[in-house]
Amino acid sequence: MEVSLSPTQAIAFMTFAAVAAGTPGPSNVLLAAAGAKAGVRRGMPSLLGQVIGMSAMLLAVTLGIGGLLLDRPWLLETLKWGGAVLLCWMAWGIATAPFTEGDTNSPAWSGFFGMAAFQWANPKGWLISVAANATYLNQHGGILSRSLILTALFMLAALPSCLPWLVFGAALQKSLGSPRTWLIYRCTMAGLLVASVTLFLWPHG
């Protein structure tokens, strides 16, 4: 099955994927929080879960869900607002998390499966996947083959783009050794999470 994906198109898509995956958003805020809680090594499953979860969503959207969402804007709006409610609830959980010295246990939303599952409730993930479907899949060639190639390219670009967020969070571990600094950090992360949700609910027109 022929797939018409030129090197220029591949580079363009990987640039899009790197920017989309690496810019501030709910997933990256949670990834930084996971890094601060568990460090880089123990936070790697969260990073892999995020990237694989985003890639799986992109594949599902390009194989048919994207058309469904584009044809039914109300459904996309429902997903956006439903995800926003969940994210605000998670922000509240982060803001009220108790301080426990020496505790490196990862919260429920982190880890491989937690972060992978979270992507399906992330408004940014849906918007990125639908945008990629509308922009990069409208070409000649087999849909399945092209979708698989774009998904693989997305994973290659997203992994190094999201890694700095995990490293950033882990770098703050030594500064979070007191209840006061932990309070400041968790409130900051919760505020960033709510702010990132706001940016995607009210995009600039």
Side-chain angles (χ1 to χ4, degrees), residues 17-57 79-129 154-155 157-202:
V19 173
T23 49
S27 290
N28 288 328
V29 172
L30 293 180
L31 187 61
K37 189 72 173 176
V40 174
R41 183 179 62 83
R42 295 184 60 181
M44 285 303 295
S46 295
L47 172 63
L48 294 175
Q50 175 175 329
V51 172
I52 292 177
M54 292 171 62
S55 301
M57 176 187 288
L79 289 170
K80 283 170 54 180
W81 286 96
V85 171
L86 175 61
L87 289 168
C88 288
W89 176 77
M90 295 174 69
W92 173 256
I94 292 174
T96 57
F99 172 80
T100 304
E101 189 172 1
D103 177 21
T104 58
N105 292 326
S106 298
W109 44 259
S110 63
F112 179 85
F113 293 105
M115 286 295 284
F118 167 72
Q119 304 312 311
W120 297 83
N122 181 6
K124 178 184 176 181
W126 283 106
L127 293 175
I128 289 174
S129 297
F154 184 89
M155 291 179 63
L159 189 61
S161 298
C162 296
L163 177 60
W165 289 90
L166 179 65
V167 174
F168 168 73
L172 297 177
Q173 272 191 312
K174 293 183 179 179
S175 303
L176 303 176
S178 69
R180 183 174 181 274
T181 55
W182 177 245
L183 173 63
I184 294 173
Y185 174 77
R186 75 190 189 208
C187 289
T188 301
M189 289 293 102
L192 288 173
L193 188 56
V194 173
S196 67
V197 173
T198 303
L199 290 175
F200 285 95
L201 289 179
W202 291 281

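Just so it is clear, the structure is predicted and the values come from calculations on it, not from any experiment. Quick note: numbers below take in every heavy atom, side chains included, and nothing from hydrogens, waters or symmetry partners.
- In this structure, the separation between CD1 on Ile184 and SG on Cys187 is 8.5 Å, given to the nearest 0.5 Å.
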Which donor-acceptor pairs under 3.5 Å do side chains of residues 47-54 form with protein atoms, sequence neighbours excluded?
{"from": "Gln50", "atom 1": "NE2", "to": "Asn28", "atom 2": "OD1", "distance (Å)": "2.9"}

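- With sequence neighbours excluded, the residues satisfying side-chain contact (heavy atoms from CB on, under 4.5 Å) with Val167 are Val40, Leu163.
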Apply side-chain contact (heavy atoms from CB on, under 4.5 Å) to the pair Ser46 and Phe112, showing each step before the final yes or no. CA-CA 5 Å; Ser46 295; Phe112 179 85; over 6 Å; no
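- For the pair Ala32 and Phe168, the tightest heavy-atom approach, listed with the atom from each and the gap, is CB-CD2, 4.2 Å.
- Separation of atoms CD (Gln119) and OG (Ser27) is listed at 3.5 Å; rounding is to 0.5 Å.
- For Ser129, there are no side-chain hydrogen bond (donor to acceptor under 3.5 Å, both in side chains) partners two or more places apart in sequence or in a different chain.
- In this structure, Phe154 and Ser55 approach most closely via the heavy-atom pair CD2-OG, 3.5 Å.
- Here the side chain of Trp165 pairs a donor or acceptor atom with the backbone of Gly22 at under 3.5 angstrom.
- Arg41 meets the side-chain contact (heavy atoms from CB on, under 4.5 Å) test with no other residue; sequence neighbours excluded.
- Taking the side chain as every heavy atom from C-beta outward, Pro24 and Leu192 never approach each other to under 4.5 Å.
- Between Pro45 and Arg42, the closest heavy-atom pair is CD-O, 3.4 Å.
- Taking both residues in full, the closest heavy atoms of Met189 and Ala33 are given as SD-N, 4.4 Å, listed atom of the first, atom of the second, then distance.
- Nearest heavy atoms, Gly35 versus Leu166: CA-CD1, 3.5 Å.
- The side-chain contact (heavy atoms from CB on, under 4.5 Å) test applied to Ala18 returns Ala157, Ser161, not counting sequence neighbours.
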